[in-house]
Amino acid sequence: MTDDRPVLLLVGDETGDHGGWARLHIERRYRLLSVHMGDGRQATVPSSARGVVAFHEAAADRALSLAESAGLPTAALRTVACHRATGTRGSTPYGEPTPDTALTAVVVSMVMDGMPSPLFVARPEGEAGDIGYLVEAADPLLRRASVTEAVRTAHQELGIRGGLTATEIHVAGRGVGQQTACPRVDGLLGTNPLLRAGSLATGIDYPLVWADLAAGSQPDLTPRRNSAAAVRFTGSGGERALTTANLDVDELPGGIWEVHLITTGDTFSERGSASPTVFAVAVGEDAAACRRALDLLSGTLRLRHRQQPMEPTERNQRRTHA
C-alpha cells in the first residue's frame with residue numbers, strides 16, 4: 001500500500017517532543033522523513049516534500065537553511081530561528097514595561113502573511129520552584145481590543161511573517177488609564193508545551209496547525225472543546241537541583257492527563273541542565289479543577305534534590321515559553 005501523505009522533512013533529533021505527542025498529531029496528515037545534515041553534505045529533498053520542521057530549537061537554524069536551499073516555505077522556521085539568534089524577539093517592540101506592569105499572560109497567535117490571529121491565552125503560574133501555564137478556552141483577554149491591537153502592532157514592528165508565536169502581555173492600571181505592553185514575542189515550534197495545553201483546552205490540533213504552516217497550507221482552527229488545561233514543570237530552578245524523580249502512577253489524582261520525567265536542558269529549565277524535570281499536564285472543566293489536580297500531584301512524586309550554587313542574576317531571568 002502506498003503512502004500518499006505529503007512529506008515534511010524533520011531536521012535534528014526528537015528530544016524536544018516530550019512523549020512523541022507532536023509527531024503523533026503531525027503524522028495524521030504528513031509523513032515525517034528524518035534528515036541528517038551533520039556530515040556537511042547537502043540533504044536530498046524528495047519531490048513530495050512540502051516543508052521542513054524541527055522538534056527542538058537547537059535544530060531550527062539547520063532546518064531553516066534546508067528549507068531555503070530547497071525552495072520550501074520558511075516563514076514559520078524563520079520566526080523561531082530569529083528568536084534564537086537574538087535571544088529575544090526585540091527588546092521593547094510595543095510599549096515599555098514599568099515596575100507596575102507584571103507579566104499578565106502570554107497570547108499564542110497564528111501568523112500568516114504578516115497578520116497575527118490570537119488563538120488562546122496562557123496565564124503564568126508558579127511557586128516554590130514550580131513553573132507553568134494555565135489555559136482557558138474562553139479567557140476574556142482574547143476579546144480585549146487593547147490586547148489584540150498590541151499583539152498586532154508588536155508583530156508588525158518585528159516583521160514577523162508566519163508561524164506560531166507567544167507574545168508577552170504586561171498590563172497596568174484600570175479603565176481608560178490602563179496600559180498594555182508587549183516587551184517580547186517568541187516563535188514557537190510545534191512541540192512547545194504551551195501548544196499542548198492550548199490543544200487540550202480548545203480541541204484545536206496545534207502541532208498540526210504548525211505543520212500546516214511549515215508546509216504553506218491553511219490550518220484548521222475550528223474549536224472542538226471549551227475547557228481548561230494546564231502544564232507544570234517541577235524540579236527546575238531554585239537553590240536545589242532535582243537529581244532523581246519517581247512517580248507512583250496508581251496514586252495519580254483525577255484530572256491529570258499526562259506526566260513525563262524529562263532530563264534534557266530545554267526551555268523550561270536552565271540551559272545546559274541535565275537534571276530530571278517532571279512535566280505534568282492536567283485537563284479540567286475550569287482553571288480551579290486543573291490547579292487542584294496539579295497541586296495534588298506532589299503526593300505521588302518521590303523527588304530527591306541536591307544543593308546547587310547560584311550563578312549571577314542571569315539565573316533569575318529564565319523564560320519559560322520559548
Check whether any side-chain heavy atom of [X] sits under 4.5 Å from a side-chain heavy atom of [Y], and report yes or no.
| X | Y | value |
| --- | --- | --- |
| P116 | I160 | no |
| V53 | V11 | no |
| I26 | L8 | yes |
| V151 | V185 | no |
| R23 | E14 | yes |
| T165 | H155 | yes |
| V108 | P118 | no |
| L33 | L10 | no |

**Asked** Who passes salt bridge (charged side-chain N to carboxylate O under 4.0 Å, His left out) against R28, sequence neighbours left out?
**Response**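 R28: salt bridge (charged side-chain N to carboxylate O under 4.0 Å, His left out) contacts with D205.
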Which heavy-atom pair separates [X] from [Y] by the least distance, and what is that distance?
| X | Y | answer |
| --- | --- | --- |
| G254 | A293 | O-CB, 3.4 Å |
| A105 | V121 | CB-CG1, 3.6 Å |
| G203 | R225 | N-CB, 3.7 Å |
| M110 | P219 | SD-CG, 3.6 Å |

ILVMFWY network linking [X] to [Y], side-chain heavy atoms under 4.5 angstrom:
| X | Y | value |
| --- | --- | --- |
| W257 | Y133 | yes |
| I256 | L134 | no |
| L296 | V231 | no |
| L221 | L208 | yes |

So, [X] side chain and [Y] main chain: donor-acceptor pair closer than 3.5 Å or not?
| X | Y | value |
| --- | --- | --- |
| T74 | L64 | no |
| T153 | A150 | no |
| D17 | A22 | yes |
| R184 | T167 | no |
| S217 | L213 | no |
| T79 | G162 | yes |
| S65 | D61 | no |
| R5 | Y30 | yes |
| S199 | R196 | no |

Spacing of [atom1] belonging to [X] relative to [atom2] belonging to [Y], to within rounding of 0.5 Å:
| X | Y | atom1 | atom2 | value |
| --- | --- | --- | --- | --- |
| L164 | L119 | CG | CG | 6.5 Å |
| N226 | E285 | CG | CD | 11.0 Å |
| R232 | C290 | CZ | SG | 10.0 Å |

**Request:** Could you tell me whether the side chains of H25 and E27 share a donor-acceptor contact shorter than 3.5 Å?
**Result:**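 No.
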**Item:** Option among L188, V135, L189 that satisfies the side chain to side chain contact (heavy atoms under 4.5 Å, CB included) test with L195
**Value:**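 Of the listed options, the one satisfying the test is L188.
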**Asked** Is the count of non-hydrogen atoms from other residues, nucleotides or ligands lying under 6.0 Å from E68 atom CD greater than 12?
**Response**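 More than 12 within 6.0 Å, yes.
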**Item:** Electrostatic pair R50-D212, nearest N-O below 4.0 angstrom
**Value:**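 No salt bridge links R50 with D212.
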**Request:** Considering only NZ, NE, NH1 and NH2 on the basic side and carboxylate oxygens on the acidic side, decide whether E136 and R123 come within less than 4.0 Å.
**Result:**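 Salt bridge absent between E136 and R123.
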**Request:** Give the ring-plane orientation class for F120 versus Y206, where under 30° counts as parallel, over 60° as perpendicular and anything between as tilted.
**Result:**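 Correct class here is tilted.
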